[in-house]
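What's counted below: heavy atoms across the whole structure, side chains too, no hydrogens, waters or symmetry copies. Reminder, nothing fancy here: chain letters follow the sequence lines and each chain counts from 1.
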2 protein chains.
Amino acid sequence: MSAKAASPERVGTRAHSLGRLEHEFGVVLRRVKRVLAERARAVHPDLPASSYLMLSYLDESGPCRSSAIAELFAMDKGAISRQVQHLADLGLVERTPDPADGRAALLAVTDEARRRMAQVQRDRRRWLDERLGDWSDEDLLAFVDTLSRYNASLDY
Amino acid sequence: MSAKAASPERVGTRAHSLGRLEHEFGVVLRRVKRVLAERARAVHPDLPASSYLMLSYLDESGPCRSSAIAELFAMDKGAISRQVQHLADLGLVERTPDPADGRAALLAVTDEARRRMAQVQRDRRRWLDERLGDWSDEDLLAFVDTLSRYNASLDY
DNA sequence: GCAATTGGTTGCGAATCGCAACCAACGGGA
DNA sequence: TCCCGTTGGTTGCGATTCGCAACCAATTGC
């Protein structure tokens, strides 16, 4: 509690809320950072934590190109290339040549990866549901809707 | 839009909300990952993006030990030691011996770092405020309160 | 058909992390 | 008081990762 405001704004002002927002997202980030590694391991023992987000995105958004991933994650395309190579070696991602462009390849998660990801997500949701036991369905839905609106406001 | 649910749950169920929650936090993560690097640069051109969160935590939570940081970020204490060393070289962090324990040292941000962080936070809040222009003060406050409750529910 | 661009891979140097060994200081017994 | 186990922190080392740049292949535009 007591999200100590380092700034001298009056409590309840918009500026104060924005400060608290940054603070709370900081908490989220630190927790996620801790959780991500074990989630990656749960999918595959040799899956680097840094690749989990990428695999997760591919899983839920469908096939796309390496270059799209590179831009989305603001990473070098070389680094992406190696990560994809590793994921392919692990049998989690398949590269199929893009029929529309001979240079490009479409990345897609394998059935095996989809199964494993689904299992990990089920476990995660069970854990979440337990932690949010005192949240009503309406509370949760409202929260997700607002978070979604927040993302929509910030993603240009 | 259309947060495509890979899972076959019926829309509106609690399970569906939990799935959306994961999705939206994924969006948050990718955006934050993109933003963090430039924020770090704004504080100091030689500040590694990975150290920004640490400096930010020190700035808003006050002095603490390296070991506390290591546990909070789930990182090796050796890695923390080097990061702190680097931050000290940059003049952003000071190490003062802990009067209560001769082994330990208390980390604290320098005045210079505090000024720079404050400036970056001001800019960031201005940007945020602009993006959230169509949010009422009540919307924003409710969102922060709910996010805070969410963190409280998950942080044990 | 040739030049410029784009998608992707690879080589290389720099930086980072985890593990482990290590040192110094604290603390609880015998 | 003297040990000995524990804790806070630094350092060495091997492995991994990233960014930059050079490079190849395929596409697009003129």
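- Salt bridge status for Asp145(A) with Arg20(B): present, with a side-chain N to carboxylate O gap under 4.0 Å.
- For CD of Glu112(B), the number of neighbouring non-hydrogen atoms (other residues, nucleotides, ligands) closer than 6.0 Å is greater than 12.
- Comparing dG8(D), dC18(D), dT16(C) by their nearest atom to the side chain of Pro48(B) picks out dT16(C).
- Taking atom CZ on Arg103(A) and atom P on dA26(D), their separation rounds to 10 Å, with Å as the unit.
- To the nearest 0.5 Å, atoms CG (Leu92(B)) and CG (Leu107(B)) are separated by 12.5 Å.
- Between Phe143(A) and Tyr150(B), the two ring planes are tilted [angle within 30° to 60°].
- Within 4.0 Å of Asp76(A), counting heavy atoms only, lies at least one base atom of the nucleic acid.
- Within the structure, a side-chain polar atom (N or O) of Arg95(A) is placed less than 4.0 Å from OP1 or OP2 of dT9(C).
- The CD-P distance, from Glu38(B) to dG19(D), rounds to 14 Å in whole Å.
- If you take CG of Leu107(B) and P of dG9(D), they are 7 Å apart, rounded to a whole angstrom.
- Put simply, Ser67(A) has a side-chain N or O that comes within less than 4.0 Å of OP1 or OP2 on dG8(C).
- Atom CZ in Arg41(A) sits about 11 Å away from atom P in dG18(C), given to the nearest Å.
- Put simply, CZ on Arg82(B) is 13 Å from P on dA15(C), counting in whole angstrom units.
- Positionally, the nearest nucleotide of DNA chain C for Ser81(A) lies more toward the 5' end than for the other of Ser51(B) and Ser81(A).
- Comparing dC17(C), dG9(D), dT27(D) against the side chain of Ser50(B) picks out dC17(C) as the nearest.
- Rounded to whole Å, the distance from NZ on Lys77(B) to P on dC19(C) is 12 Å.
- Distance, Arg65(B) CZ to dA25(C) P: 15 Å, rounded to whole Å.
- Cation-pi geometry between Arg149(A) and Trp135(B) is met: under 6.0 angstrom from the ring centre, within 45 degrees of the axis.
- Rounded to whole Å, the distance from NE2 on His86(B) to P on dT16(C) is 7 Å.
- Nearest-nucleotide mapping onto DNA chain D: of Ala100(A) and Ala79(A), the residue sitting toward the 5' end is Ala79(A).
- The phosphate of dT11(D) (OP1 or OP2) has no side-chain N or O of Gln85(B) nearer than 4.0 angstrom.
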